[in-house]
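One structure is given below, encoded as structure tokens.
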Number of protein chains: 2
Amino acid sequence: MTDGARHIPEATVSRLPVYLRSLAELLDEKVTTVSSERLAEMAGVNAAKVRKDLSYLGSYGTRGVGYEVEYLAFQMSRELGLTHDWPVAIVGAGNLGQALANYGGFTERGFPVACLIDADVDKVGSRIHGVQVHHPDDLPHLVEELGISIGIIATPAVAAQGVADQLVAAGIKSILNFAPTVITVPEGAFLRKVDLALELQVLSFYQEHRAPDPV
Amino acid sequence: MTDGARHIPEATVSRLPVYLRSLAELLDEKVTTVSSERLAEMAGVNAAKVRKDLSYLGSYGTRGVGYEVEYLAFQMSRELGLTHDWPVAIVGAGNLGQALANYGGFTERGFPVACLIDADVDKVGSRIHGVQVHHPDDLPHLVEELGISIGIIATPAVAAQGVADQLVAAGIKSILNFAPTVITVPEGAFLRKVDLALELQVLSFYQEHRAPDPV
DNA sequence: GGTTGTGAACAAATTCACAGCG
DNA sequence: CGCTGTGAATTTGTTCACAACC
């Protein structure tokens, strides 16, 4: 198949970062070539899925050989839009927001925490783990100034929808919601959620009902 | 259909906690009855999906009327195994582990943080946000003593697989992994993951490729 | 009339299996 | 020969649409 914008299934998109992390490990180990079999093992999926997924990016493998690690990593980064940093704003400077601001994993993967946002006047103006805390009203200005394009909601549930509206109004089109509530964003904005308690509730279900995968 | 153990699809299982949270809100508002339409709106899905999902639990609705909120909430809690608390152990008393230990949402939803586990001898024996820090070697004893059945991994990536092995060896069959790496558990154990940076990478993808949902 | 519960139709995702090519 | 890339088959999940029932 030729180059250009194929449509990549959502399930595939959410596995690409896992492959990319595996490729980064291989690069560290100076491994130059990898098979779908090996990559599958590292990513915790099966080889057929790896090949299908990678085929959506293009024909970057060599039959009989495998994939060139560095080249594939580059193509994948490009496809994921990770060739440059995406500064993020974390809204909610409470327990979770502070921890996320201090979590090295974001910066490390190209998402530097550019600022914290909180409505509490006692916090505004202070620094938490080196990150400046601003008032929500400053959002439009901060988006402009710091080039923020992603907002992370780490407020209590009741505040989440209002915050989402403010983020969108400030021109932020991508939102990651940690608040334990359903929020909606207008057409054209993107929303992902991380629901911490939900994951435990799902584990609880499977603990009660032995064997989700009975073999 | 009669009562008893139908097989509930995985996609449905991961939506049940969202419905349950919506039902809890309705209970707070003293609403006694709810339609699939209304529940769908609250849960951010469509009504057909709500009805299909709820039908796996049994025929708990009344045609022409809707679902009795309290009764449905009870049945759903029972199905999810949430009629009693599940004490959890958080492994890794670093930045993220501490934040999770202090995150009220776990206890609130029936998952009290019974202890923190860390290999750092300076931390062992101390209390963080009122939670006692123990050494990994104490795990078997803690499982026995505190009735822990779920382990949360909040360590750096390199330590995660080893911790998972220790948790399983101590008799813990449910694991929630926050470390940014793929880990495996033996047959019969359950594993869920929360990958914080992955979610941002997915957002980055859709920011680059306008419109994931083109209408 | 109103709303559930569910077969049937449809869509998405996964896996199989093998042709194609280095 | 070995491994990719991909159509076809299968499985899983979603949506439709309406009979059943209050």
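Lettering follows sequence order; numbering is per chain, from 1.
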Rounding to a whole Å, what distance do you find between [X]:[atom1] and [N]:[atom2]?
| X | N | atom1 | atom2 | value |
| --- | --- | --- | --- | --- |
| B/Asp53 | C/dT4 | CG | C1' | 14 Å |
| B/Ile8 | C/dT6 | CD1 | C1' | 16 Å |
| A/Leu54 | C/dT14 | CG | P | 14 Å |
| A/Glu37 | C/dT15 | CD | P | 14 Å |
| A/Tyr56 | D/dT4 | OH | P | 17 Å |
| A/Asn46 | D/dT11 | CG | C1' | 13 Å |
| B/Tyr60 | D/dC22 | OH | P | 18 Å |

Salt bridge or not for A/Asp195 and B/Arg21, using N-O below 4.0 Å? yes
For a quick check of understanding: with a heavy-atom distance under 4.0 Å over all strands, which category does A/Arg15 fall into, base, sugar-phosphate or nothing? sugar-phosphate
Would you tell me if any nitrogen or oxygen in the side chain of [X] comes within less than 4.0 Å of OP1 or OP2 on [N]?
| X | N | answer |
| --- | --- | --- |
| B/Lys49 | D/dT15 | yes |
| A/Tyr67 | D/dG5 | yes |
| A/Ser36 | D/dT4 | yes |

Answer with yes or no after comparing the ring centroid distance for A/Tyr71 and A/Phe74 against a 6.0 Å cut-off, counting only values under it. no
Indicate, yes or no, whether a donor-acceptor pair under 3.5 Å links the base of C/dG20 to the side chain of A/Arg63. yes
Over all heavy atoms of both residues, which pair between A/Leu116 and A/Ala101 is shortest? Give the atoms and the distance, please. CD1-CB, 4.0 Å
Pair B/Ser36, B/Arg51: side-chain N/O donor-acceptor within cut-off below 3.5 Å: yes
If you measure only the distance, is there a donor-acceptor pair under 3.5 Å linking the side chains of B/Tyr19 and B/Asp53? yes
Please tell me which of the listed nucleotides, [options], lies nearest to the side chain of [X]?
| X | options | result |
| --- | --- | --- |
| B/Ser35 | C/dT4, D/dG13, C/dT15 | C/dT4 |
| B/Arg51 | C/dA13, C/dG22, C/dT4 | C/dT4 |
| A/Lys52 | D/dT14, D/dG5, C/dT15 | C/dT15 |

